[in-house]
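This structure is a prediction, so every number in the text was calculated from the model and none was measured. Throughout, numbering of the chain's residues begins at 1 and tracks the sequence.
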Amino acid sequence: QVQLVQSGGGLVQPGGSLRLSCAGSGRIFGIYPMAWYRQVPGKQREFVAHIDTRGTTMLSDSVKDRFTISRGAAENTVNLQMNNLKPEDTAVYYCNMAGEYWGQGTQVTVSS
């Protein structure tokens, strides 16, 4: 069984920073692409960032100048560094591995 466990998130003022982390565990063999998505109530989950097995990254237009996705030191771990946060970044953030497995979700709230 595969588990993705997320950490980080919380409440921050506009312009602030937060870091999300996600670690995969269980029956995982090899390194897989990992990604971050976010969702607000009443809307579809939307893509935020992706990193492939070679470390190539892709970010959505809405965050590409402010967020950074990177792999952690351990296999199948991924981080999302979020800078210059805006109220519209408020959402539940989910990590994803291999397009199949999902983390539990982490609330990020940007508000003064």
*Residue pairs involving residues 1-98 (criterion disulfide bond (SG atoms under 2.5 Å apart); sequence neighbours excluded)*: Cys22-Cys95
*Applying side chain to side chain contact (heavy atoms under 4.5 Å, CB included), name anything that partners Ser112, two or more places apart in sequence or on another chain.*
Pro14
*Could I get the full list of side-chain hydrogen bond (donor to acceptor under 3.5 Å, both in side chains) partners for Ser70, not counting sequence neighbours?*
none
*To the nearest 0.5 angstrom, please state how far the OH atom of Tyr101 sits from the CD1 atom of Ile28.*
8.0 Å
*Stepwise, does the side chain to side chain contact (heavy atoms under 4.5 Å, CB included) test hold for Met97 with Asn76?*
CA-CA 8 Å; Met97 186 176 72; Asn76 296 309; 3.9 Å; yes
_For Ala91, side chain to side chain contact (heavy atoms under 4.5 Å, CB included) partners two or more places apart_ = Arg38, Val40, Tyr93
*Arg19: partners by salt bridge (Lys or Arg N to Asp or Glu O under 4.0 Å), with sequence neighbours left out*: none
Which pairs of donor and acceptor atoms, one on a side chain in residues 55-62, lie under 3.5 Å apart (sequence neighbours left out)?
unit_1	atom_1	unit_2	atom_2	d
Ser60	OG	Ser62	OG	3.2

*For Asp52 and Pro33, indicate whether the former's side chain and the latter's backbone hold a donor-acceptor pair under 3.5 Å.*
no
*Pair Ile51-Arg71, side chain to side chain contact (heavy atoms under 4.5 Å, CB included): steps then yes or no*: CA-CA 8 Å; Ile51 186 165; Arg71 288 191 176 271; 3.7 Å; yes
*Would you indicate whether the side-chain heavy atoms of Val108 and Met82 approach each other to under 4.5 Å?*
yes
*Spell out, yes or no, whether Ile69 and Val92 are grouped together once hydrophobic residues are joined by side-chain heavy atoms under 4.5 Å, including indirect joins.*
no
*asked:* Does Glu88 have more than 12 heavy atoms from other residues, nucleotides or ligands lying within 6.0 Å of its CD?
replied: yes
*Mind checking the CG-CE spacing from Leu80 to Met34? Nearest 0.5 Å is all I need.*
12.0 Å
*Is the backbone N or O of Gly72 less than 3.5 Å from a side-chain atom of Thr77, with the two atoms forming a donor-acceptor pair by type?*
yes
*How would you list all residue pairs meeting disulfide bond (SG atoms under 2.5 Å apart) that involve residues 57-89, not counting sequence neighbours?*
none
_Sidechain-backbone polar pair: Asn83 side chain, Asp65 backbone, donor-acceptor under 3.5 Å_ = no
_Suppose we screen for ring pair (Phe, Tyr, Trp, His ring centres under 6.0 Å). Which residues come up paired with Tyr37, at least two apart in sequence or across chains?_
Phe47, Trp102
*Applying side chain to side chain contact (heavy atoms under 4.5 Å, CB included), name anything that partners Gln104, two or more places apart in sequence or on another chain.*
Gln6
*If you look only at pairs with a residue in residues 21-35, which of them pass as a side chain to side chain donor-acceptor pair (under 3.5 Å), with sequence neighbours excluded?*
Ser21-Asn79
*asked:* Checking Arg45 now: which residues fulfil side-chain hydrogen bond (donor to acceptor under 3.5 Å, both in side chains) with it, not counting sequence neighbours?
replied: Gln39
*Looking at residues at least two apart in the chain, or sitting in another chain, which of them share a side-chain hydrogen bond (donor to acceptor under 3.5 Å, both in side chains) with Gln3?*
none
*Donor-acceptor contact below 3.5 Å, side chain Thr90 vs main chain Val110*: yes
*Calculate, to the nearest 0.5 Å, the distance between atoms CZ and CG belonging to Phe67 and Leu18 respectively.*
9.0 Å
